[in-house]
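I have placed the structure first, in the form of structure tokens, so that the comments after it can refer back to it.
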Amino acid sequence: MYLYPLLVVIAASSFGIVSTIIKLAMRSGFSVSEAVTSQFFIGFCIAVCISLVTNRSNFSFKGVKILLFAGMLTGLTNILYGHSLNFLPASLAVVLLFQFTWIGMLISCITKRQFPSRIEFISLIILVAGTIPAAGIIDVDLSQIPFQGWLWGLAAALCYSLFLYVNGKTTASMTTSNRLVLVSFFAFMTTAAFQSPEIIWNGTLFNEGLWIYGLALGLFGMIIPVFLFTIAVPKVGLGMSSILSAVELPIAVMVSVILLSETVTTLQIAGIVIIVIGISLPTLLDKDGLLKNVKAKYRKSDKVAKGSSI
């Protein structure tokens, strides 16, 4: 009952580390565009190595259309989020990105043609209420924010929600490592089309030390989350996964305090506590419903899961 939700939490926590690593790369003189490109290039290289070591079956391309969209949405999420930072303070950009919680729930309701449970709805309200103080935007003047900044931020949230939905689709006759290779490849190609592919051949990546940050970004921003989301989202469901993924914000704040020595206010701590409560509510108050959902999802995808394990 707790294994698959825990995998979603770990995957989302990995995403929460990414923003801090990008800030460290910027302190070393690299741009956001260069850091994001290194993330997906090295992530793709790691995925290929994992597939070569673990995959004993022939490489399959069945279901490649789903993975094409998953990879593109992964790349677009980072591109759009980067664009939003050109118009928004980082704190507000984070809040807009975290609208994926209710967007993901809405997508789940539309696709399943049913309303969220009462506990899920209450949890969602608590998450939204906790996000604003946790991100520290209480004192931000919103009247001077350009309209396109709001659009870029909400577009990033939409792409992230769609990524969770698409990546949770099972693909028959394809191992998890094969999925990882294809998703990372399409994510890299999407990023390379809009960011800084020249870092690969002009010496920036390997000669100037960007690969160190690219390695960390590839692991925490690509390999770990995509791998774990692939396993867990089909079992947990999109709605619950969106709620559990809200743990990304508290992790982002805590890691920035530890590695960047950023200050955190009492109000932010209160917001983080509220978010943790919102994440925990469905699991603590609806154990029977969660167990029933996991069992139903497992029975439905059991045959595919056997063929998808590495």
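Just so it is clear, the structure is predicted and the values come from calculations on it, not from any experiment.
- In this structure, the ring of Phe15 has its center less than 6.0 angstrom from the ring center of Tyr160.
- Proximity of Phe163 to Met72: side-chain heavy atoms (C-beta onward) are nowhere separated by under 4.5 Å.
- Of the possible polar contacts, none joining the Ser84 side chain to the Gly149 backbone as a donor-acceptor pair under 3.5 Å is found.
- Residues Leu151 and Trp102 are members of separate hydrophobic clusters, defined by side-chain heavy-atom contacts under 4.5 angstrom among Ile, Leu, Val, Met, Phe, Trp and Tyr.
- The SG atom of Cys45 sits 11.5 Å away from the CZ atom of Phe185 when rounded to the nearest 0.5 Å.
- One hydrophobic cluster holds both Phe69 and Val181 under the rule that ILVMFWY side chains link at heavy-atom gaps under 4.5 Å.
- Across Leu124, Ile126, Ile125, a single residue satisfies side-chain contact (heavy atoms from CB on, under 4.5 Å) together with Ile122, and that is Ile126.
- The side-chain heavy atoms of Leu164 and Ser245, taken from C-beta on, include a pair separated by under 4.5 Å.
- Of the inter-residue distances, the one linking Thr20 atom OG1 with Met254 atom CE reads 10.5 Å to the nearest 0.5 angstrom.
- The shortest heavy-atom contact between Ile243 and Ser123 is CG2-OG, 3.4 Å.
- Note that CD of Glu248 is 6.0 Å distant from CG of Leu97, once rounded to the nearest 0.5 Å.
- Put simply, the side chain of Ser196 never gets that close to the backbone of Ile199: no donor and acceptor are under 3.5 Å apart.
- Within the 4.5 Å cutoff, the side chain of Ile275 has no heavy atoms near those of the Val247 side chain.
- Here Ile17 contributes atom CD1 and Leu219 contributes atom CG; the two are 10.5 Å apart, rounded to the nearest 0.5 Å.
- For the pair Tyr81/Asn78, no side-chain contact is recorded, criterion being any heavy-atom separation below 4.5 Å from C-beta on.
- Heavy atoms only, all atoms of each residue included: Gly221 and Val18 are closest at CA-CG2, 3.5 Å.
- Side-chain N or O atoms of Glu34 include one that pairs as donor or acceptor with a backbone N or O of Ser31 at under 3.5 Å.
- Within the model, atoms OG of Ser177 and CG of Leu182 stand 10.0 Å from one another, a figure rounded to the nearest 0.5 Å.
- Under the 4.5 Å side-chain heavy-atom criterion for ILVMFWY residues, a single connected hydrophobic cluster contains both Ile46 and Phe41.
- Atom CG of Leu106 and atom OG1 of Thr101 lie 11.5 Å apart (nearest 0.5 Å).
- Shortest non-hydrogen contact noted between Ala25 and Ala35 is CB-CB, 4.2 Å.
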Is there a side-chain contact (heavy atoms from CB on, under 4.5 Å) between Thr74 and Phe40 once you walk through the steps? CA-CA 10 Å; Thr74 304; Phe40 289 104; 3.6 Å; yes

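- Contact of the Lys23 side chain with the Leu259 side chain is not registered, since no non-hydrogen atoms from C-beta on lie closer than 4.5 Å.
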If you apply the rule side-chain contact (heavy atoms from CB on, under 4.5 Å), what do you find for Val8 with Leu228, and how did you get there? CA-CA 7 Å; Val8 173; Leu228 295 183; over 6 Å; no

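- Shortest non-hydrogen contact noted between Thr37 and Ser33 is OG1-O, 2.8 Å.
- When atom types are taken as modelled, the side chain of Ser108 and the backbone of Gly104 share no donor-acceptor pair closer than 3.5 angstrom.
- Considering all non-hydrogen atoms of both residues, Val183 and Ala70 come closest at CG2-CB, 4.1 Å.
- Side-chain contact check for Trp201 and Glu198: no donor-acceptor pair (N or O, by modelled atom type) lies under 3.5 Å.
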Pair Phe100-Phe98, ring pair (Phe, Tyr, Trp, His ring centres under 6.0 Å): steps then yes or no: CA-CA 5 Å; Phe100 77 82; Phe98 268 75; 5.4 Å; yes

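- Nearest approach of Val236 to Met240, heavy atoms of both residues: CG1-CG, 3.3 Å.
- At a threshold of 4.5 Å between non-hydrogen side-chain atoms, the residues Ser51 and Leu180 do not count as touching.
- At a threshold of 4.5 Å between non-hydrogen side-chain atoms, the residues Phe30 and Met26 do not count as touching.
- Between Leu205 and Ile42 the shortest side-chain heavy-atom distance falls below 4.5 Å.
- In this structure, a donor-acceptor pair under 3.5 Å is absent between the side chains of Tyr213 and Ser38.
- If you chain together hydrophobic residues whose side chains sit under 4.5 Å apart, Phe147 and Leu154 never meet in one group.
- Side-chain rings of Phe186 and Phe188 stay apart, their centers remaining 6.0 Å or farther from each other.
- Cluster annotation: Met189 and Phe194 are assigned to distinct hydrophobic clusters (Ile/Leu/Val/Met/Phe/Trp/Tyr, side-chain heavy-atom contacts under 4.5 Å, transitive).
- Not one N or O on the side chain of Ser261 forms a donor-acceptor pair closer than 3.5 Å with the backbone of Val257.
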